[in-house]
Amino acid sequence: MGLFGKKKKENKDNDTTKIFVNDKPITKDGVRGSQEEQPNMSGWDAIIAEFERVYPGQKEPKRYGTLIPWRLGGPNPLDGTSIYDGGDYWHFVTFGLTELYDKESEDKEWSGYGMEFTFKLKKGCYDAENEEEEFRCICSNLDSIAKLTFDKGELFLPNEYVYTGQTHGMDRFKKSKLTGFITMYDPTVNTLDTPNGKVEFVEFIGVTDSELKAIIDKKIRVKELQEKLGTDVTDYKRDSVI
């Protein structure tokens, strides 16, 4: 299917499941290479501009990048992840599921897979002394989900759930009751029309095993669970609402 091959799928309102396996944390690195090495970063710059609109003044968010990108034979699909300070939470955004540099795909409407992932983590719901490890763990989880897209062409849409089957928490030290995710369009940022095509932001929200099983058993819909949670910010310390 090529680097950005897609599996065509309707954006239905039905709940859909995906499964991922956690991978090793990606390594911390600076932003991508110099301007001379990569003169065209229009797709990347468009994402940065949108997040700087939401978080003015944050020119240097925390950044985690891959040493060898997927396109050059590296193991991690994402070129990197940035983390912005949302006040009460940290706002993660991926770079790599869309065409960050030159236009490569023949699809003129969408940039790459047409989506980047976001995640919001509540401050104070983890051990502050191990914040770096928690951030790396989240980046690793997002990278693992992205690998499903690169390997199988799976497009993640809103109102889906990611069931892992694990009983331990998704946090670094596996203490949380949250074991999987539900998805929605990130309400904080806008859909972008970049030089390489349209980009949507799909947000992942941490949920418990019992909440996921309630969705699977059709006792509750993803949208209903979103409303019941009352927030799109993931809190590792919260109890199940089901």
>> The criterion is side-chain contact (heavy atoms from CB on, under 4.5 Å); which residues satisfy it with Glu109, sequence neighbours excluded?
In response: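 Glu109: side-chain contact (heavy atoms from CB on, under 4.5 Å) contacts with Asp107, Lys198.
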>> Under the rule for side-chain contact (heavy atoms from CB on, under 4.5 Å), what residues qualify as partners of Arg172, not counting sequence neighbours?
In response: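 Checked Arg172 against side-chain contact (heavy atoms from CB on, under 4.5 Å); matches are Glu133, Glu134, Cys137.
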> Any link between Phe173 and Trp90 through a network of hydrophobic side chains (Ile, Leu, Val, Met, Phe, Trp, Tyr) touching at under 4.5 Å?
Replying inline: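 Shared cluster, no.
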>> For Phe92 and Phe135, I'd like to know if the aromatic rings sit close, meaning centre-to-centre distance below 6.0 Å.
In response: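 Between Phe135 and Phe92, which both carry aromatic rings, the centre distance is below 6.0 Å.
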> Do Phe181 and Phe156 have ring centroids that are under 6.0 Å from one another?
Replying inline: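 When the ring centroids of Phe156 and Phe181 are compared, they turn out to be at least 6.0 Å apart.
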> Is the shortest side-chain N to carboxylate O distance from Lys223 to Glu227 below 4.0 Å?
Replying inline: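 Salt bridge flag = no for Glu227 with Lys223.
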> Can you name the residues that form a salt bridge (Lys or Arg N to Asp or Glu O under 4.0 Å) with Asp85, not counting sequence neighbours?
Replying inline: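 For Asp85, the residues satisfying salt bridge (Lys or Arg N to Asp or Glu O under 4.0 Å) (neighbours in sequence not counted) are Lys123.
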> What pairs with Asp217 under salt bridge (Lys or Arg N to Asp or Glu O under 4.0 Å), at least two apart in sequence or on another chain?
Replying inline: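 Expected list: none.
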>> If the condition is side chain to side chain donor-acceptor pair (under 3.5 Å), which residues does Glu203 pass it with, not counting sequence neighbours?
In response: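 Residues passing side chain to side chain donor-acceptor pair (under 3.5 Å) with Glu203: none at all.
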Do any side-chain atoms of residues 204-215 form donor-acceptor pairs under 3.5 angstrom with protein atoms, and if so which ones, sequence neighbours left out?
residue: Thr208; atom: OG1; partner: Ser210; partner atom: OG; Å: 3.1
residue: Thr208; atom: OG1; partner: Glu211; partner atom: N; Å: 3.1
residue: Thr208; atom: OG1; partner: Glu211; partner atom: OE1; Å: 3.3
residue: Thr208; atom: OG1; partner: Ser240; partner atom: OG; Å: 3.2
residue: Asp209; atom: OD2; partner: Lys213; partner atom: NZ; Å: 3.0
residue: Ser210; atom: OG; partner: Ser240; partner atom: OG; Å: 2.8
residue: Glu211; atom: OE1; partner: Thr208; partner atom: N; Å: 2.9
residue: Glu211; atom: OE1; partner: Arg238; partner atom: NH2; Å: 2.8
residue: Glu211; atom: OE2; partner: Arg238; partner atom: NH1; Å: 2.8
residue: Glu211; atom: OE2; partner: Arg238; partner atom: NH2; Å: 3.4
residue: Glu211; atom: OE2; partner: Val241; partner atom: N; Å: 2.9

>> Are Glu99 and Val199 packed together at the side-chain level, in the sense that at least one heavy-atom pair is separated by less than 4.5 angstrom?
In response: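 Counting from C-beta outward, Glu99 and Val199 never come under 4.5 Å.
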> Side chains of Thr179 and Lys177: donor-acceptor distance under 3.5 Å anywhere?
Replying inline: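 Distance-only check fails for Thr179 and Lys177.
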>> Counting only heavy atoms from other residues, nucleotides and ligands, does the tally under 6.0 Å from NZ of Lys122 exceed 12?
In response: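 No, the 6.0 Å shell around NZ holds no more than 12 heavy atoms from other groups.
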